[in-house]
S.K.: 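First the structure, which I've put down as structure tokens, then a few questions once you've had a look.
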Amino acid sequence: MALTDEDVREILRIIDESQVDELRLERDGVSLYVARAGAQQTAAPTATATAVAPAPAAPAPTPAPPPDPPATAPAAEGLVTIEAPMLGTFYRAEAPGRDPFVDVGSHVEPDTVVAIIEVMKMMNSVEAGVAGTIAEVCADNATLVEYGQPLFRVEPDAA
């Protein structure tokens, strides 16, 4: 059973909006354990693919996830912002020591992978969602990014 980005977001949203302090899901060799911050673990997680992600202690209003493409929004000076589609660790390259997916000046298409975000040990590709040229890199490599945080600014191609 593979979990998609949408599955992870939905699980975390359900935990955040409920009174549940912890959730354990086991299916087809995958074990998922999610606990709200401060919750006491009642049993040790299983050895197979276990992930732990604390939910926020104080629930904050969460906007609905954006429709596809992942996250583009108009920005000042005609630039388009590629935003983080989820909370996680932002990586500009597929592995340490490898070249970044894109740099300032790189041309991208809507389906170009510009970064990956790691959530619960799952790597999620971030696509540009717009055709154009990378004008700015807004997030540092290997740092935690929040949902909606600007990752890149793109100068869109002329129509």
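Atoms considered below: every heavy atom in the structure, side chains included; atoms not considered: hydrogens, waters and symmetry mates. For the single chain, residues carry numbers from 1 onward in sequence order.
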S.K.: Testing the basics here: between Ile116 and Ala93, what is the closest heavy-atom pair and its distance to 0.1 Å?
M.R.: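 It is CD1-O, 3.8 Å.
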S.K.: To the nearest 0.5 Å, what is the distance between OG1 (Thr81) and CD (Glu136)?
M.R.: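 The distance works out to 8.5 Å.
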S.K.: Leu87 and Val114: same hydrophobic cluster, using ILVMFWY side-chain contacts below 4.5 Å?
M.R.: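 Each belongs to a different hydrophobic cluster.
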S.K.: Report the C-alpha separation of Val145 and Leu151 in whole Å, then their side-chain angles, then the decisive distance to 0.1 Å, and conclude whether the side chain to side chain contact (heavy atoms under 4.5 Å, CB included) test is met.
M.R.: CA-CA 8 Å; Val145 294; Leu151 302 176; 3.9 Å; yes
S.K.: Answer whether the closest heavy-atom distance between the side chains of Ser106 and Thr133 falls below 4.5 Å.
M.R.: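 Result no, sub-4.5 Å side-chain heavy-atom pair not found.
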S.K.: For Ala135 versus Leu79, what's the shortest heavy-atom pair and its separation?
M.R.: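 The answer is CB-CD2, 4.1 Å.
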S.K.: Would you say that Phe152 contacts Val102 through its side chain, given a criterion of any heavy-atom pair below 4.5 Å between the two side chains?
M.R.: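 Of all side-chain heavy-atom pairs linking Val102 with Phe152, at least one is under 4.5 Å.
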S.K.: So that I can tick it off, tell me whether Arg92 and Asp140 are bridged by a salt bridge, with the cut-off set at under 4.0 angstrom between side-chain N and carboxylate O.
M.R.: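 Arg92 and Asp140: not salt-bridged.
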S.K.: First locate atom CE of Met122, then atom CE of Met86, and finally report the distance between them rounded to the nearest 0.5 Å.
M.R.: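 Rounded to the nearest 0.5 Å, the CE-CE separation comes to 8.5 Å.
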S.K.: Please find the pair of heavy atoms, one from Tyr91 and one from Asn141, that lie closest to each other, and give the distance.
M.R.: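 Nearest heavy atoms, Tyr91 then Asn141: CA-OD1, 3.2 Å.
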S.K.: Between Cys138 and Arg153, which heavy-atom pair has the shortest distance, and what is it?
M.R.: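 Heavy-atom minimum between the residues: SG-CG, 3.7 Å.
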S.K.: Does Thr143 form a side chain to side chain contact (heavy atoms under 4.5 Å, CB included) with Thr89? I'd like the steps, not just the answer.
M.R.: CA-CA 5 Å; Thr143 59; Thr89 304; over 6 Å; no
S.K.: Which atom pair, heavy atoms only, marks the closest approach of Pro110 to Glu127?
M.R.: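 Result for this residue pair: O-CB, 3.7 Å.
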S.K.: Around atom CD of Glu155, are there more than 12 heavy atoms from other residues, nucleotides or ligands closer than 6.0 Å?
M.R.: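 Not more than 12 within 6.0 Å, no.
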S.K.: Show your reasoning for whether side chain to side chain contact (heavy atoms under 4.5 Å, CB included) applies to Val119 and Asn124.
M.R.: CA-CA 7 Å; Val119 179; Asn124 303 281; 3.8 Å; yes
S.K.: Spell out, yes or no, whether Leu144 and Met123 are grouped together once hydrophobic residues are joined by side-chain heavy atoms under 4.5 Å, including indirect joins.
M.R.: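 No; tracing contacts between hydrophobic side chains, which count when under 4.5 Å, never links both residues.
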S.K.: Heavy-atom distance under 4.5 Å between the side chains of Val113 and Glu94, does that happen here?
M.R.: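 Not in contact.
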S.K.: How about CD on Glu109, more than 12 heavy atoms from neighbouring residues, nucleotides or ligands closer than 6.0 Å, or not?
M.R.: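 More than 12 heavy atoms, drawn from other residues, nucleotides or ligands, come within 6.0 Å of this atom.
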S.K.: I need the minimum non-hydrogen distance between Asp103 and Ile134, along with the two atoms involved.
M.R.: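 Result for this residue pair: O-CB, 3.4 Å.
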S.K.: Taking C-beta and beyond as the side chain, do Pro150 and Ile82 meet within less than 4.5 Å on heavy atoms?
M.R.: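 A side-chain contact under 4.5 Å is absent here.
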